[in-house]
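Numbers here simply count residues along the sequence, with the first being 1. All figures in this text were calculated on a predicted structure; none of them were measured in a lab.
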Amino acid sequence: MKRRSIRHQSKKGAPKWMVTYSDMITLILVFFILLFSMSQIDQTKFDQVTESFQNRMILDFLPSAVPLDHPTKSTGENSEDGKIDEIEPIYLANEEVEKSTDELDELMMNVSQYLEENNLKDVITANRNERGVVLVLQEKILFESGEAEILEDAGPFLNHIGTLLSELDNQVNVEGHTDSRPISNYRYPSNWELSGARASSVVRYFIEAESLHMSRFSTVGYADTIPLEPNSNEANMSKNRRVEIIILDND
């Protein structure tokens, strides 16, 4: 009897690993669709982003192939030539800085003129730097040696500065400095206490005599740590005993 031959059927279709891989991709896709369906869009933030892209502050500087049907306007109406008036907020920060700079320059000129008219340039100096307007008052116009009570002779100048400050909103730092000679008494155990007390006296004068708000001021006492000149002779020590009033630049 002739033996029947066995035919081997060839396998058709995709490999088994591809089926598993396809199932995994499908599950991942379903997972992300579920995540997206459960998420919520913040309509307010979405509107803000949309408006920002329609704003002339961004798009007017770049050519666009698609014209805007309803461009957003911040201020004003269309001008005669069809262009929207310039938007103010983009320039607001620069205008504030320029205004502050102009006010400080004017204050600097006013103080310099006052010092010249009243022959005070030998005891008070005024200069302008990156911090703002810096007024340097030597000890002898403000205090007795080793004391922190403001002298009566200092009143007119401090009143003048207080009047100028009332017209501004700038912050003011007041710094006290001493020479290197040690001090020790029941009121001021060291130059640290003395320099701090002198700075505080000047601020208290502005607050009480000129009715300036205390939130505008800060004080610090540096003792003899930041001398203008080496403490090698009396002339230099006299320059180092000082109070500095810094009207800060708003920038």
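Minimum heavy-atom separation, V111 to A126: CG1-CB, 4.0 Å. Of all heavy-atom pairs between A154 and L142, the closest is CB-CD2, 3.7 Å. Across all non-hydrogen atoms, the minimal contact from N250 to D169 is ND2-OD1, 3.4 Å. Minimum interatomic distance between R198 and E147 (heavy atoms only, all atoms of both residues): NE-O, 2.7 Å. Minimum interatomic distance between D179 and N191 (heavy atoms only, all atoms of both residues): O-ND2, 3.4 Å. Of all the heavy atoms in K140 and V123, the pair that sits closest is CE-CG1, 3.2 Å.
In the displayed structure, E229 atom CD is contacted under 6.0 Å by more than 12 heavy atoms of other residues, nucleotides or ligands. Shown here is E144, whose CD atom has no more than 12 heavy atoms of other residues, nucleotides or ligands within 6.0 Å.
Between the CZ atom in R241 and the OG atom in S195 there is a gap of 13.5 Å [rounded to 0.5 Å]. The line from CG of L115 to CG of L135 is 8.0 Å long, rounded to the nearest 0.5 Å. Atom CD1 of I150 and atom CZ of R204 lie 7.5 Å apart (nearest 0.5 Å). Between atom CZ of residue F217 and atom OG of residue S200 there is a gap of 12.0 Å, rounded to the nearest 0.5 Å.
Looking only at distances, a side-chain donor or acceptor of E193 sits under 3.5 Å from a matching main-chain atom of S190. Side-chain N or O atoms of E139 include none that pairs as donor or acceptor with a backbone N or O of H177 at under 3.5 Å. With S112 contributing its side chain and M109 its backbone, the two residues share no donor-acceptor pair below 3.5 Å.
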Step by step, would you call S201 with E149 a side-chain contact (heavy atoms from CB on, under 4.5 Å)?
CA-CA 7 Å; S201 292; E149 268 188 57; over 6 Å; no
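Side chains of D224 and N231: a donor-acceptor N/O pair is absent below 3.5 angstrom, by distance only.
Think of Y188 as one node in a network of Ile, Leu, Val, Met, Phe, Trp and Tyr side chains linked at under 4.5 Å; its network also takes in I183, L194.
Applying the side-chain hydrogen bond (donor to acceptor under 3.5 Å, both in side chains) criterion to S218, with sequence neighbours excluded, gives N173.
Look at R216 and E210 and you find no salt bridge, because none of the NZ, NE, NH1 or NH2 atoms lies under 4.0 Å from a carboxylate O.
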